[in-house]
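I'd like to ask some things about the structure below.
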Amino acid sequence: MNEDRFSQYLEHIAEQARHSCRGMRKWKPFASMPEQYAGLNHVMEDLHKVERPLLTADQQEQINYTINQAIHSKKSVQITYYKDGHIVTGLGVITHVNYHQQLLYYIDDVFELNCNLPLNSIVDVRFN
């Protein structure tokens, strides 16, 4: 079995494990028309969404402290944030914070892009 087919096989096994009960799969055969398929995809995406986490004052203070340390040390950090119903994690170097606009600016480690995040969407910041 070549490497590509093996990785496809592992993905298939993982997908089966995630959906061991029939759940929403039983509705897939009814998605015969494109409109139904789009509607079912939308429902499936909504099932995986989570609510925005609420942070305590201590957590907010810890995040603020870590952001300040990261700005001064110019070290890479792991930034976890909430976006469109999902918790997303990214790596980067924080360049500065604009408190007037409530934005955190950082350089993405993967593509070295300048990015920004609203401060209220940040869930966690940790040194890498």
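Below, all heavy atoms of this structure are taken into account, side chains as well, without hydrogens, waters or symmetry copies. The chain is numbered in sequence order, starting from 1.
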Legend entry - Cluster check Leu119, Val125: I/L/V/M/F/W/Y, side chain < 4.5 angstrom: yes
Inset, instruction - Count the heavy atoms of every other residue, nucleotide or ligand shown that sit under 6.0 Å from CG of Asn120, and state whether that count exceeds 12. - result: yes
Legend entry - Identified side-chain contact (heavy atoms from CB on, under 4.5 Å) partner of Thr80 from the options Val88, Asp124, Ile122: Asp124
Inset, instruction - Kindly check if the number of other-residue, nucleotide or ligand heavy atoms within 6.0 Å of CZ (Arg52) is above 12? - result: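 Check passes, neighbour count above 12.
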Legend entry - More than 12 heavy atoms from other groups under 6.0 Å of OH on Tyr65: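 Check fails, neighbour count at 12 or below.
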Inset, instruction - Look up atom OG in Ser121 and atom OH in Tyr81, then write down how far apart they are to the nearest 0.5 Å. - result: 8.0 Å
Inset, instruction - State yes or no: do Val50 and Val123 share one hydrophobic cluster built from I, L, V, M, F, W and Y residues joined by side-chain heavy-atom distances below 4.5 Å, directly or via other members? - result: yes
Inset, instruction - Give, for atom CD of Gln69 and atom CD1 of Ile94, the distance between the pair rounded to the nearest 0.5 Å. - result: 11.0 Å
Inset, instruction - Considering non-hydrogen atoms only, spot the tightest contact between Cys115 and Asp108 and give its length. - result: SG-CB, 4.0 Å
Inset, instruction - Please examine the side chains of Asn98 and Tyr105, heavy atoms only from C-beta on, and report whether any two atoms are closer than 4.5 Å. - result: yes
Inset, instruction - Taking the side chain as every heavy atom from C-beta outward, state whether Asn128 and Leu91 have any pair of such atoms under 4.5 Å apart. - result: yes
Inset, instruction - Would you give the length of the straight line joining atom CD of Gln102 to atom NE2 of His100, rounded to the nearest 0.5 angstrom? - result: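 Atom-to-atom, Gln102:CD and His100:NE2 are 9.5 Å apart.
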Inset, instruction - With the side chain counted from C-beta on, respond yes when Ser73 and Phe127 share a heavy-atom pair under 4.5 Å apart, and no when they do not. - result: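 The answer is yes; the side chains approach within 4.5 Å.
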Legend entry - ILVMFWY network linking Tyr99 to Leu103, side-chain heavy atoms under 4.5 angstrom: no
Inset, instruction - Answer whether the closest heavy-atom distance between the side chains of Pro53 and Ile87 falls below 4.5 Å. - result: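 The answer is yes, as the side chains (C-beta and beyond) meet within the 4.5 Å cut-off.
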Inset, instruction - Output the distance between atom CD1 (Ile63) and atom CG (Leu55), rounded to the nearest 0.5 Å. - result: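 Going from the CD1 atom of Ile63 to the CG atom of Leu55 covers 5.0 Å.
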Inset, instruction - I would like to know whether Gln62 and Thr66 meet side-chain contact (heavy atoms from CB on, under 4.5 Å); could you show each step before the answer? - result: CA-CA 6 Å; Gln62 181 62 38; Thr66 306; 3.3 Å; yes
Legend entry - Inter-residue atom distance Asp109.CG - Gln78.CD, 0.5 Å rounding: 11.0 Å
Legend entry - Any Ile67 side-chain heavy atom under 4.5 Å of Val97 side chain: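 They are in contact (side-chain heavy atoms under 4.5 Å apart), so the answer is yes.
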Legend entry - More than 12 heavy atoms of other groups within 6.0 Å of Leu54 CG: no
Inset, instruction - Taking atom types as modelled, find out whether Gln60 and Thr56 have a side-chain donor-acceptor pair closer than 3.5 angstrom. - result: no
Legend entry - Over all atoms of both residues, closest heavy-atom pair of Lys49 and Asp84: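 Scanning both residues completely, I find the closest heavy atoms to be CE-O, 3.6 Å.
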Legend entry - Approximate separation, where rounding is to 0.5 Å, of Tyr106 OH and Thr95 OG1: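 Going from OH on Tyr106 over to OG1 on Thr95, the span is 10.5 Å.
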Inset, instruction - For His86, check ring pair (Phe, Tyr, Trp, His ring centres under 6.0 Å) against everything at least two apart and list the hits. - result: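 So His86 forms no ring pair (Phe, Tyr, Trp, His ring centres under 6.0 Å) with any residue.
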Inset, instruction - State plainly whether one hydrophobic cluster holds both Ile71 and Ile79, where clusters connect Ile, Leu, Val, Met, Phe, Trp and Tyr through side-chain heavy atoms under 4.5 angstrom apart. - result: yes
